[in-house]
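Heads up: numbering here begins at 1 and tracks the sequence. One-based numbering, in listed order, for ligands and for the atoms of each.
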Amino acid sequence: MDLGIAGRWALVCAASRGLGRGCAQALVREGVHVVVTARGEPALQATAAELRALNPAAEVRAVAGDITTPEGRAAALAACPQVDILVNNAGGPPPGDFRDWDRAAWLAALEANMLTPIELIRAVVDGMAERGWGRVVNITSAAVKAPIDSLGLSNGARSGLTGFVAGLARQPRLASRNVTINNLLPGPFDTDRLRATMAGAAQRSGQPLDEVMAARRQLNPARRFGDAAEFGAACAFLCSAQAGYITGQNLLLDGGAYPGTF
Ligand code: NAD
């Protein structure tokens with residue numbers, strides 16, 4: 001299926017590794033030009049080179065910087081001639097007990113996982129509406145739908161973004177101009193972040209990492225973790241020409257882990 005987005009420009013945030021990189025790969029395969037960001041220059045440049053090799057017809061620009069800062073966002077936006085597609089992503093907040101989180105911890109989580117995507121949406125959606133085409137995909141978390149106790153900062157900040165986006169996506173001045181805003185909710189995906197979380201669990205329990213990971217896979221109905229490439233494919237579809245009637249939705253990618261009918 002041709003997704004009809006070759007030649008469009010996408011800003012894919014936090015994309016040197018993991019789910020962001022999976023989204024950038026899928027878009028580049030479709031012939032989308034991308035600006036990819038991440039904090040660390042070497043990993044970002046390596047990813048940019050890999051993306052260029054995937055599809056020489058797609059232009060790839062790499063902008064190193066912290067997307068949760070005004071400077072990081074300004075640099076990312078300046079590198080993109082026109083944002084047709086925005087994929088919002090940033091690192092997730094740390095796990096812990098809410099008694100240990102002071103105001104600064106909450107503000108950092110809100111900054112990264114709620115206010116940064118809102119700022120970027122604010123910067124691009126009116127231009128999308130004027131041009132009559134735009135796609136925004138926010139990478140959030142399955143924890144928005146089924147909260148994970150130890151990830152309270154994530155549960156809270158991402159729910160704020162989800163509530164805001166639910167209202168914004170339904171504004172006729174966006175929806176009637178072929179501008180869609182949707183959220184992708186990852187369950188457990190095999191990325192560096194997931195491995196780091198599992199390594200922490202292995203250390204605390206004294207169990208070997210392989211065993212901790214195998215036990216976690218068994219907890220999922222699919223008996224495996226998700227793969228960043230399949231996450232990217234879902235993102236690319238939501239960004240496709242064909243997805244213009246899908247907006248304000250929360251798509252869970254979790255191998256069937258969420259137990260509800262809806
Ligand atoms: P990852 O650690 O594998 O990759 C994160 C990427 O984001 C890296 O490229 C890193 O350089 C970049 N990054 C992080 N903070 C940044 C910042 N402030 N500015 C610019 N770039 C930044 O993580 P992942 O597993 O791909 O997770 C992506 C998002 O999805 C995170 O918010 C995570 O909490 C969430 N999530 C992941 C899973 C999972 O199982 N992997 C599940 C639920 C939610």
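By the side-chain hydrogen bond (donor to acceptor under 3.5 Å, both in side chains) test, T37 is found to be paired with no residue, residues two or more places apart in sequence or in another chain being considered. Residues satisfying the ring-ring contact (aromatic ring centres under 6.0 Å, His included) criterion with W9, sequence neighbours excluded, are H33.
Put simply, the residue from T162, N89, N113, N88 that forms a side chain to side chain donor-acceptor pair (under 3.5 Å) with N138 is N88.
Between D254 and K145 there is no salt bridge, since none of the side-chain N atoms of the basic residue sits less than 4.0 Å from a carboxylate O of the acidic one.
In this structure, V34 and L11 have side chains that are not in contact, with every pair of non-hydrogen atoms separated by 4.5 Å or more.
Applying the salt bridge (charged side-chain N to carboxylate O under 4.0 Å, His left out) rule to pairs touching residues 97-106 yields D97-R99, sequence neighbours excluded.
Residues lining ligand 1 at a heavy-atom distance below 4.0 Å are given as A14, S16, R17, G18, L19, A38, R39, G65, D66, I67, T68, N89, A90, G91, G92, I139, T140, S141, R158, P186, G187, P188, F189, T191, D192, R193, L194, ordered by chain and residue number.
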